[in-house]
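Accompanying notes for the structure given below.
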Amino acid sequence: MLFYTHALSLPLFLGMYPGLKNTAMNVSLYCWCFIALNMLSQIHCTHAVHELATKETSMTVTFILTLRKFVSLIISAIVFKNNLTLLHVIGTILVIVGTYFYFNFFKSWKQQPISRKEGIVHQKKNT
């Protein structure tokens, strides 16, 4: 579904084609290398998230993605020298506390993923 929502929007850029072409022709080789590296890292990241989603619970995946976004925000603030506001600090505290509670405090309550083979064996024993 996500593919179609992105693919169907491509014709909307046809009206901007001359400006996009002009910009693409004026971009340096260094910038194109940076764009290519970014695309490769996005492909790797997407593949890793899909693989993670097959091995962990949805709550764990959500926490990991939230932490990844949090780290990206902090790195962005450091690299681009952006000021962190009070809301950023509160968000940081909430992410750290939430991560601690999920991975340590509720460890015994966490749902454990089972493999398909274990589930079939367990079902046969019960019948």
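Between A77 and L84, the closest heavy-atom pair is CB-CD2, 3.7 Å. In terms of heavy-atom proximity, T66 sits nearest to V95 at CG2-CG2, 4.4 Å. When every heavy atom of G15 is checked against every heavy atom of P18, the shortest pair comes out as O-CD, 4.0 Å. L73 and H88 get closest at one heavy-atom pair: CD2-CD2, 3.8 Å.
If you take SG on C45 and CG on N38, they are separated by 10.5 Å, rounding to the nearest 0.5 Å. The NZ atom of K69 lies 11.5 Å from the CG atom of L67; values are rounded to the nearest 0.5 Å.
Linking ILVMFWY residues whenever their side-chain heavy atoms come closer than 4.5 Å, directly or via other members, places I78 and F80 in the same cluster. Note: the hydrophobic cluster containing I74 also contains V79 (ILVMFWY, side chain heavy atoms under 4.5 Å, direct or indirect links). L52 and L65 fall within a single hydrophobic cluster, where Ile, Leu, Val, Met, Phe, Trp and Tyr side chains are chained together by heavy-atom contacts under 4.5 Å. Under the 4.5 Å side-chain heavy-atom criterion for grouping Ile, Leu, Val, Met, Phe, Trp and Tyr, L29 is not connected to L37 through any hydrophobic cluster. Follow the hydrophobic side-chain contacts under 4.5 Å out from F70 and you never reach I93; the two are in separate clusters.
Between the side chains of H44 and S41, no donor-acceptor pair is found at a separation under 3.5 Å.
Counting only residues at least two apart or on different chains, the salt bridge (charged side-chain N to carboxylate O under 4.0 Å, His left out) pairs with a member in residues 31-52 are E51-K55. Legend: salt bridge (charged side-chain N to carboxylate O under 4.0 Å, His left out) pairs involving residues 16-44, not counting sequence neighbours: none detected.
Through direct or relayed side-chain contacts under 4.5 Å between Ile, Leu, Val, Met, Phe, Trp and Tyr, L40 connects to no other residue.
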